[in-house]
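As the structure lists them, so they are numbered: ligands from 1, and atoms in each ligand from 1.
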Amino acid sequence: MSVIDIIGNTPLIRLDRINPNPRVILYGKFEGANPGGSVKDRTALYLIKEAEEKGLLTKDKIILEPTSGNTGIGLAMIAAAKGYRIKLVMPACVSVERRRVLEALGAELIISPAEESTDGAIRLAHQIYEDAPELYFMPNQFDNEANVRAHYETTGKEIIEQTNGEVTHFVAGMGTTGTIMGVSKRLKEFNSNIKIVGVEPVPGHRIQGLKNMSEAIVPKIFDPSRLDERFFVNDEEAFDTTRKLAIREGVFVGMSSGAAMHIALKKASELRSGVIVVILPDRGDRYLSTSLFASICSKCPP
Ligand code: PMP
């Protein structure tokens, strides 16, 4: 078995202590159990696997991708396991833990200006690629349907199996939107009554991994018609709920998990009955250097 073989099949954690409504069952899908520590291992695997199958990625090419971290960790892990060179472009605002992990996995890092955020990293990666396209393979997770297929074939399928088909609501934060697009497709095929709830950060947010669609380049894979509902969260709501998950459930996750959970708790309190599955994209230890767990005061500056 290789590290690649243990990607996916993550557990569903039942969250009774934080759940405000006993008539509703609330589950968190714990993606931190993946070997690279996040949901993006699934995407990374499909990006590489499909490129190999299509002959776009060969051993003489360097993998090049703009990523705020988790996809990079997944790609770097798989690149190391398969013997590829990899260069990752990321904004300076990405947490120090993520950078250290990438370096440990042997990735070469190119840092773009913090104030240009994810979009700056995307622009810089495209520039590097266009200067010498023959050197690189760029997976382009924002526009690559392999990102959606990863979640259609694995995450969505697992959720149906793990809930014995009883899932009624799926809640996920949106970054590339690969998770929610793929899971939506799978769940709707299974039962079109299942509600898909997208969670988006407000402009100027500090929720790593998520994107506000109006202030950022909209991913090509994003199809808003695959969502039934779309809600906004702010940093305070996301961070407070993340801390609550750790303290009340012992579930130590990142701030994008708290963002999705904040909306899931609202939904849970409004429903007469139902089975809600929320994606918890990564673990909390990736954010120890941020203000997330630094203080009990949710208004502290970064
Ligand atoms: N949370 C975290 C921590 C992430 O790294 C990502 C990926 N950018 C997401 C949420 C969003 O997932 P997706 O890209 O599938 O929308």
Does any N or O atom in [X] lie less than 3.5 angstrom from one in ligand 1, N or O only?
X	result
H151	no
R98	no
T176	yes
M174	no

Sub-4.0 Å atoms of ligand 1 with respect to non-hydrogen atoms of [X]:
X	value
K40	7 (C), 13 (P), 14 (O), 15 (O)
L210	10 (C)
S256	1 (N), 2 (C), 3 (C), 10 (C)
T179	12 (O), 13 (P), 15 (O)
G175	11 (C), 13 (P), 14 (O), 16 (O)
N70	2 (C), 3 (C), 4 (C), 5 (O)
D282	3 (C)
T177	13 (P), 14 (O), 16 (O)

Are [X] and [Y] side-chain neighbours, meaning at least one heavy-atom pair lies under 4.5 Å?
X	Y	value
Y287	E97	no
H169	D228	no
M261	L280	yes

_Non-neighbouring partners of S192 that pass side chain to side chain donor-acceptor pair (under 3.5 Å), sequence neighbours left out_ =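 Testing S192 for side chain to side chain donor-acceptor pair (under 3.5 Å), a comparison that skips the adjacent residues, returns none.
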_OG1 on T10 to CD1 on I279, rounded to 0.5 Å_ =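 One gets 7.0 Å once the value is rounded to the nearest 0.5 Å.
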*asked:* If the contact criterion is a heavy-atom separation under 4.0 Å, does F142 count as touching ligand 1?
replied: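 No heavy atom of F142 comes that close to ligand 1.
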*Pairwise ring-ring contact (aromatic ring centres under 6.0 Å, His included) hits with a residue in residues 186-207, at least two apart*: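 Residue pairs with at least one partner in residues 186-207: there are none.
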*Exercise: identify the closest heavy-atom pair between A146 and E50*: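 That would be CB-OE1, 3.4 Å.
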*Say whether, by atom type as modelled, one donor and one acceptor occur between the side chain of Q141 and the main chain of L47 under 3.5 angstrom.*
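Judged by distance alone, no pair lies under 3.5 Å.
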*Is R149 positioned over the aromatic face of Y46, cation under 6.0 angstrom from the ring centre and no more than 45 degrees off axis?*
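No.
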